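The next block holds one structure in the form of structure tokens; read it before the comments.
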2 protein chains.
Amino acid sequence: MKFKGKEDPNIDESFDLIDEGLRKKATIVIFACCKVIYEGRAISQLDFGERIILIKPDGSFLIHQDKKVDPVNWQPPKSRSRVLIRNEKLFLESFRRTPREHLEVEIRKIHFLNYALIEDYQELEIAGYEKDLGDLIIDKPHLIEEGFKPTNREYSTEHGFIDILGNDKEGNLMVLELKSRKIGVNAVKQIRRYLSDFEDEKNSYLKDLGVEKKKIRGLLVAPKIDEDAKEMIEEEGIEFVSLEPPKELKRDKLVTLDSF
Amino acid sequence: MKFKGKEDPNIDESFDLIDEGLRKKATIVIFACCKVIYEGRAISQLDFGERIILIKPDGSFLIHQDKKVDPVNWQPPKSRSRVLIRNEKLFLESFRRTPREHLEVEIRKIHFLNYALIEDYQELEIAGYEKDLGDLIIDKPHLIEEGFKPTNREYSTEHGFIDILGNDKEGNLMVLELKSRKIGVNAVKQIRRYLSDFEDEKNSYLKDLGVEKKKIRGLLVAPKIDEDAKEMIEEEGIEFVSLEPPKELKRDKLVTLDSF
DNA sequence: ATTTCCATTTCGCTT
DNA sequence: AAGCGAAGTGGAAAT
């Protein structure tokens, strides 16, 4: 692995180092006073100020201020970056087609400039959201209720995808809507639309599934439900099952963190 | 402004520099081989690899891999960071209350470590999205059609907020749904729900607005509309007006960028 | 503090 | 390439 850095480079040194970094597909970090103009899906302008510029080998281009998680300006992966000197001033540019987007960074002064040839093939293992909740239910249907049998996942309807379809032990159709965090009013409206599809006689979903003249039960599954949503479902006979998405990684070597 | 940087610091130098940077509320950039564990809204683990760590004075804590715009792990502003040595290993930690979130970074090797005392008060000026489109229509209603008069903005209904309400020159009610980019099928469904509200006799919106026994016109306003949405609106008598959000900054000194 | 909705959302997955 | 939905969404404005 190769690292290279320079403090207070002059304009020519800056140009050479950045150019070298770009050609080598290095990850480049620059501490600089710069001004930024963006034109693309929107248009923006940011006057001179001290910022961090991060250029990644996949073409991503980020400019970070001293606040917030999100970059103030950026370009997505596969953008093409270049460095140039115009009127004795140093510029960075990043360009993207489809949609056409352009970022121009005028650099007044570079304080630090580093680049490194890194390749990070490690992938983040993450758990604890909707997909994991769905996996859990498919794996252990009894967590919903004794005798529950899932039949379809991501079942497509006119109004969107139903997270899980299944039957209870009496053969009634069950429509499950999952949320990893909290059931709100919108989730109730959503499942209500799915249910109205099925309740519509003209609709053929029931026949498709070989389920006729049975009840249709709507279930919302999430760790919590908010008060408004709770009132709504009580009026409409929709059920709620409290279930946490499993916060477990697949290769589970994770040690519980000490309290801070 | 104060900058400080070190190449290949040993563990004690690293600790001192980071600790100093944190105390001074500096912006810290670290090029390091590290392993990351997160526990909070979800839970995640990332094995050792070469990454960029960025700690901002507002408490934001970002870990970037060599790909993508988004950090692989992060903590939001107001998180509390600290550096520590445990079993002769260097760790960074970041903690947040409400919701409770914790990030632990084990550092195997630091290649570069920089910090800088920067304060960037420049704010991004941006234009070209939905709000600008709404401003434009309120300012120049004739862009929708001759005689159009907006009456309400962000008008609240059971199904959400209608972007703009108004009347045409015959006094018919007009329901406008704006998009800064492209009308898709979802936007049509949305305006359809608003319209069904108004068309329902039991509904009192019309009386509230003093508009009775008039037509109700649904308009989608955006730069473009996709093919599916176009077919839908033709069947349902919803109209489409093509309008670009104004891509103009308020203090407009912006020079058009040269082509790349 | 909580809710709601927009975003140059980004990102991953499916068609 | 385009569309769809989730996200540790983030962030701002309103309540």
Side-chain angles (χ1 to χ4, degrees), chain A residues 36-44 58 60-63 67-77 79 94 96-103 123-124 126-134 154 156 159-163 177-182 184-187 190 226-229 245 247, chain B residues 36-44 58 60-63 67-79 94 96-103 123-124 126-134 154 156 160-161 163 178-182 184-187 189-190 224 226-229 245 247:
Chain A
V36 188
I37 289 172
Y38 162 77
E39 269 188 9
R41 284 170 287 180
I43 166 176
S44 78
D58 70 346
S60 309
F61 191 122
L62 318 181
I63 298 166
K67 301 168 195 72
K68 304 286 146 78
V69 169
D70 287 347
V72 62
N73 282 111
W74 73 96
Q75 290 277 81
S79 303
S94 171
R96 177 200 195 189
R97 272 199 165 74
T98 62
R100 201 174 182 81
E101 292 184 292
H102 188 117
L103 197 62
E123 279 187 25
L124 185 70
I126 190 161
Y129 48 98
E130 191 176 307
K131 187 182 170 306
D132 300 286
L133 185 56
E154 298 297 316
S156 175
H159 288 107
F161 288 84
I162 294 174
D163 291 326
E177 171 68 25
L178 315 185
K179 290 284 168 220
S180 64
R181 305 266 292 146
K182 189 160 54 165
V185 170
N186 283 342
Q190 195 171 346
D226 76 30
E227 207 45 53
D228 292 350
K247 291 190 179 179
Chain B
V36 188
I37 290 172
Y38 161 77
E39 269 191 358
R41 285 171 287 178
I43 165 176
S44 78
D58 71 344
S60 308
F61 190 122
L62 319 182
I63 298 165
K67 301 169 195 73
K68 304 285 144 81
V69 169
D70 287 347
V72 61
N73 281 111
W74 72 95
Q75 290 278 80
K78 291 183 187 164
S79 303
S94 171
R96 177 199 194 189
R97 273 200 164 73
T98 64
R100 200 174 182 83
E101 293 184 291
H102 188 118
L103 197 62
E123 279 186 27
L124 185 72
I126 189 162
Y129 47 99
E130 192 177 307
K131 187 183 172 304
D132 300 286
L133 184 57
E154 299 296 316
S156 176
F161 287 84
D163 291 326
L178 316 185
K179 290 284 169 223
S180 62
R181 304 267 295 147
K182 188 160 55 165
V185 170
N186 284 342
K189 288 180 185 167
Q190 194 170 347
K224 292 186 213 162
D226 75 31
E227 208 45 53
D228 292 350
K247 291 189 180 180

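From a predicted model like this one, the values you see are computed outputs, not experimental measurements.
Among the heavy atoms of the strands lying under 4.0 Å from S180(A) are primed sugar atoms or P, OP1, OP2 only; no base atom is included. No contact: Q75(A) has no heavy atom under 4.0 Å from any strand. When heavy atoms are screened at a 4.0 angstrom cut-off, P76(B) is found touching base atoms of the nucleic acid.
Using P as the reference atom, dT4(C) and dT8(C) are 22 Å apart when rounded to the nearest Å. Taking the P atoms as reference points, dG8(D) lies 22 Å from dC4(D), given to the whole Å.
A donor N or O paired with an acceptor N or O is found under 3.5 Å between the base of dG8(D) and the side-chain atoms of N73(B). Evaluation of atom-type donor-acceptor distances gives no pair under 3.5 Å for the side chain of D70(B) against the base of dT9(D).
L133(A) has its CG atom 16 Å from the C1' atom of dG8(D), to the nearest Å. Across the protein-nucleic acid pair, K182(B) atom NZ and dA1(D) atom P stand 13 Å apart, rounded to whole Å. For the pair D228(A) CG and dT15(D) C1', the computed distance is 13 Å after rounding to whole Å.
Proximity of a side-chain donor or acceptor of Q75(A) to a complementary backbone N or O of S94(A) within less than 3.5 Å is detected. Using modelled atom types, no side-chain atom of D58(A) and backbone atom of P77(A) make a donor-acceptor pair closer than 3.5 Å. Formation of a donor-acceptor pair under 3.5 Å by the D163(B) side chain with backbone atoms of L178(B) is found in this model. A donor-acceptor pair is defined here as one N or O able to donate and one able to accept, closer than 3.5 Å; such a pair exists between the side chain of K247(B) and the backbone of G40(A).
Within the 4.0 Å cut-off from OP1 or OP2 of dT9(C), not a single side-chain nitrogen or oxygen of W74(A) is found. Regarding contacts with the backbone of dT8(C), every side-chain N or O of S44(A) stays at 4.0 angstrom or more from both OP1 and OP2. Of the side-chain N and O atoms in R41(A), one or more sit less than 4.0 angstrom from OP1 or OP2 of dT10(C). Regarding contacts with the backbone of dA7(D), every side-chain N or O of R181(A) stays at 4.0 angstrom or more from both OP1 and OP2.
Summarising the base pairing, dA1(C) is matched to dT15(D) through a Watson-Crick or G-U wobble pair whose two defining distances lie under 3.5 Å.
Few gaps surround NZ on K189(B); more than 12 heavy atoms of other groups in view lie less than 6.0 Å from it.
Mapped onto DNA chain C by nearest heavy atom, A42(A) and K68(B) fall at different nucleotides, with A42(A) at the one closer to the 5' end. The residue among F161(B) and L124(B) whose nearest nucleotide of DNA chain C lies closer to the 5′ end is F161(B).
Residue V69(A) has its side chain nearest to dG10(D) when only dA7(C), dG10(D), dC4(D) are considered. In the set dT4(C), dA7(D), dA6(D), dA6(D) carries the atom at the smallest distance from any side-chain atom of K179(A). The side chain of E130(A) approaches dA7(D) more closely than any other nucleotide in the set dA7(D), dG5(D), dT9(C).
Between the side-chain ring of Y38(B) and the base of dG8(D), a stacking contact exists by the 5.5 Å and 30° definition.
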